[in-house]
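Heads up: the structure comes next, in structure tokens.
What you see below is based on every heavy atom in this structure, not just the backbone, and it leaves out hydrogens, waters and symmetry mates. Proteins come first, then strands; the chains are lettered A, B, ... in the order of their sequence lines, and each starts at number 1.
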There are 2 protein chains.
Amino acid sequence: MNIGDAAASSGVSAKMIRHYESIGLLSAARSANGYRVYAERDVAVLRFIRHARDLGFPLEDVRRLLGLWHDRQRASAEVKKLALAHVAALETKARSLDAMAASLRHLAANCHGDGRPDCPILDDLARKE
Amino acid sequence: MNIGDAAASSGVSAKMIRHYESIGLLSAARSANGYRVYAERDVAVLRFIRHARDLGFPLEDVRRLLGLWHDRQRASAEVKKLALAHVAALETKARSLDAMAASLRHLAANCHGDGRPDCPILDDLARKE
DNA sequence: GTGGGGCCTCCCATGATGGGAAGGTCAAGC
DNA sequence: GCTTGACCTTCCCATCATGGGAGGCCCCAC
């Protein structure tokens with residue numbers, strides 16, 4: 001299987017497959033012509049990476065998760081710990097964005113939003129602090 | 001006022017002040033020795049930028065906001081429109097993070113988290129899809 | 001006049017992804 | 001057999017906002 005097929009059946013772009021290889025998440029055999037060759041096992045790894053990325057795990061976490069996945073002796077506690085730390089990070093980030101949205105929504109609510117130039121939003125951005 | 005003082009009183013790092021200048025958000029006079037020179041007016045602009053960044057506006061939005069701020073004839077409607085579009089983007093992003101967190105939290109809840117190797121989190125990441 | 005701190009420019013790095021150029025390879029159709 | 005087009009290769013560049021650091025100039029206080 002060449003990289004294009006691996007990309008199609010894993011949902012990871014060929015570009016990213018090469019990138020993941022370059023940072024050592026993956027390795028690929030090469031055929032005589034220099035093309036990367038993939039087996040089903042590799043496609044499974046790529047899908048794993050994609051799923052982890054879909055959950056927002058940074059690639060360094062993905063690297064650790066792959067290590068834990070490949071280690072059949074790992075304790076599930078390690079995986080859970082990593083996952084919950086990531087959940088906390090996601091929620092912290094989400095709360096931060098919500099706070100920004102709420103502040104801005106409040107400012108916007110006090111803005112006429114008509115043809116007049118007065119604008120509490122700009123006034124707030126221009127505040128001396 | 002040199003860049004260090006402008007940084008201290010605006011809360012924007014000297015590094016970022018130079019960067020903002022390089023992308024045209026700001027301009028600075030130069031003294032005979034080549035040092036950038038800032039007036040209170042410039043510090044106000046820097047604070048404006050910082051506040052907008054604190055609300056998560058990307059620099060391209062900041063550029064537009066600065067334009068609207070400098071234009072005393074602008075209609076507040078334009079500012080409000082920009083602000084609400086950004087609020088929507090922030091909320092979309094926050095909901096996306098929350099969805100990831102909820103999925104992962106659900107998986108983690110079903111993971112023993114003890115010394116055993118079984119782990120629904122890894123099973124899910126390894127699913128064929 | 002020397003030392004230290006501030007300033008200058010320029011390059012590099014982050015994290016994940018994509019775009020694109022220049023060139024090699026292969027298979028199908030004529 | 002030769003062309004064509006699709007695929008593959010590597011390498012460089014861009015994004016977005018920010019920081020680190022090197023090498024070198026400038027200025028003030030001691």
Side-chain angles (χ1 to χ4, degrees), chain A residues 1-39 42-43 45-66 86 89-90 93 96-97 100, chain B residues 1-38 42-43 45-66 86 89-90 92-93 96-97 100:
Chain A
M1 189 176 5
N2 285 342
I3 198 170
D5 306 293
S9 58
S10 68
V12 177
S13 72
K15 204 88 183 180
M16 290 315 298
I17 295 177
R18 293 192 195 97
H19 178 58
Y20 294 156
E21 181 183 334
S22 82
I23 63 172
L25 286 192
L26 202 64
S27 66
R30 298 286 180 132
S31 63
N33 57 22
Y35 287 14
R36 290 171 179 81
V37 176
Y38 299 90
D42 303 307
V43 173
V45 170
L46 288 169
R47 269 194 290 253
F48 184 101
I49 296 174
R50 179 167 61 81
H51 293 144
R53 291 289 305 130
D54 287 347
L55 288 173
F57 282 104
L59 289 178
E60 275 314 302
D61 282 9
V62 176
R63 186 192 303 279
R64 289 188 206 104
L65 288 168
L66 276 172
H86 181 53
L90 287 169
K93 183 72 180 171
S96 163
L97 296 179
M100 292 178 196
Chain B
M1 188 174 9
N2 285 341
I3 199 170
D5 306 294
S9 59
S10 68
V12 177
S13 72
K15 203 87 183 181
M16 290 315 299
I17 295 178
R18 293 193 195 96
H19 178 60
Y20 294 156
E21 180 183 336
S22 82
I23 63 172
L25 286 192
L26 203 65
S27 66
R30 298 286 180 130
S31 64
N33 59 20
Y35 286 14
R36 289 170 180 81
V37 177
Y38 299 91
D42 303 307
V43 173
V45 169
L46 289 169
R47 270 194 289 254
F48 184 100
I49 296 174
R50 179 167 61 81
H51 293 145
R53 291 289 305 131
D54 286 348
L55 288 174
F57 281 105
L59 287 177
E60 274 315 300
D61 282 9
V62 175
R63 185 191 304 277
R64 289 188 206 105
L65 288 169
L66 277 172
H86 182 52
L90 288 169
T92 296
K93 182 74 181 168
S96 163
L97 296 179
M100 292 178 195

Quiz prompt | Lys15(A) vs Asn33(A), nearer the 5' end of DNA chain C by closest nucleotide | solution = Lys15(A)
Quiz item: Nearest nucleotide by nearest heavy atom, which residue falls closer to the 5' end of DNA chain D, Ala14(A) or Leu59(B)?
Solution: Ala14(A)
Quiz item: Base, sugar-phosphate, or nothing for Arg53(B), non-hydrogen atoms under 4.0 angstrom?
Solution: sugar-phosphate
Exercise. Could you state the atom-to-atom distance from NZ of Lys93(A) to C1' of dG15(C) in whole Å?
Key: 13 Å
Practice problem: Measure the distance from CG on Asp5(B) to P on dG5(C) and round it to the nearest whole Å. | Solution: 16 Å
Quiz item: Taking OP1 and OP2 of dT10(D), is either one under 4.0 Å from a side-chain nitrogen or oxygen of Arg30(A)?
Solution: yes
Quiz item: Are Arg63(B) and Glu60(B) close enough for a salt bridge, meaning some N to O gap below 4.0 Å?
Solution: yes
Quiz prompt | Rounded distance (Å) that lies between atom C1' of dA16(C) and atom CG of Asp54(A) | solution = 13 Å
Exercise. Respond yes when some side-chain nitrogen or oxygen of Arg63(B) is under 4.0 Å from OP1 or OP2 of dC16(D), and no when none is.
Key: no
Self-check item: Distance below 4.0 Å between Arg36(A) side-chain N/O and dT9(D) OP1 or OP2
Solution: yes
Quiz item: Whole-Å distance between dT17(C) C1' and Ile49(A) CD1?
Solution: 14 Å
Quiz item: Which residue, Val37(B) or Ser13(A), contacts DNA chain C at a nucleotide closer to its 5' end, judged by nearest heavy atom?
Solution: Val37(B)
Quiz item: Which heavy-atom pair separates Ser10(A) from Ile17(A) by the least distance, and what is that distance?
Solution: OG-CD1, 4.5 Å
Quiz item: What nucleic acid atoms does Tyr20(B) come within less than 4.0 Å of, heavy atoms only: base, sugar-phosphate, or nothing?
Solution: sugar-phosphate
Exercise. Take the protein atom CD1 of Ile3(B) and the nucleotide atom C1' of dC27(D), then report the distance between them rounded to whole Å.
Key: 17 Å
Self-check item: Residue pair Ala14(A) / Ala7(A): nearest heavy atoms and the distance that separates them
Solution: N-CB, 3.7 Å
Quiz item: Would you say the side-chain atoms of His19(B) pair up with the backbone N or O of Lys15(B), donor to acceptor, closer than 3.5 Å?
Solution: no
Exercise. Quick one: closest heavy-atom pair of Ile49(B) and Leu25(B), and the distance?
Key: CD1-CD1, 4.1 Å
Self-check item: Of the listed nucleotides dC8(D), dT17(C), dC7(C), the one nearest the side chain of Asn2(B)
Solution: dC7(C)
Practice problem: Mind calculating the distance between OH (Tyr38(A)) and C1' (dC8(D)) to the nearest angstrom? | Solution: 11 Å
Quiz item: Rounded to the Å, how far apart are His19(B) NE2 and dG19(D) C1'?
Solution: 11 Å
Quiz item: Could you state the CD1-P distance from Ile17(A) to dA16(C), rounded to the nearest angstrom?
Solution: 17 Å
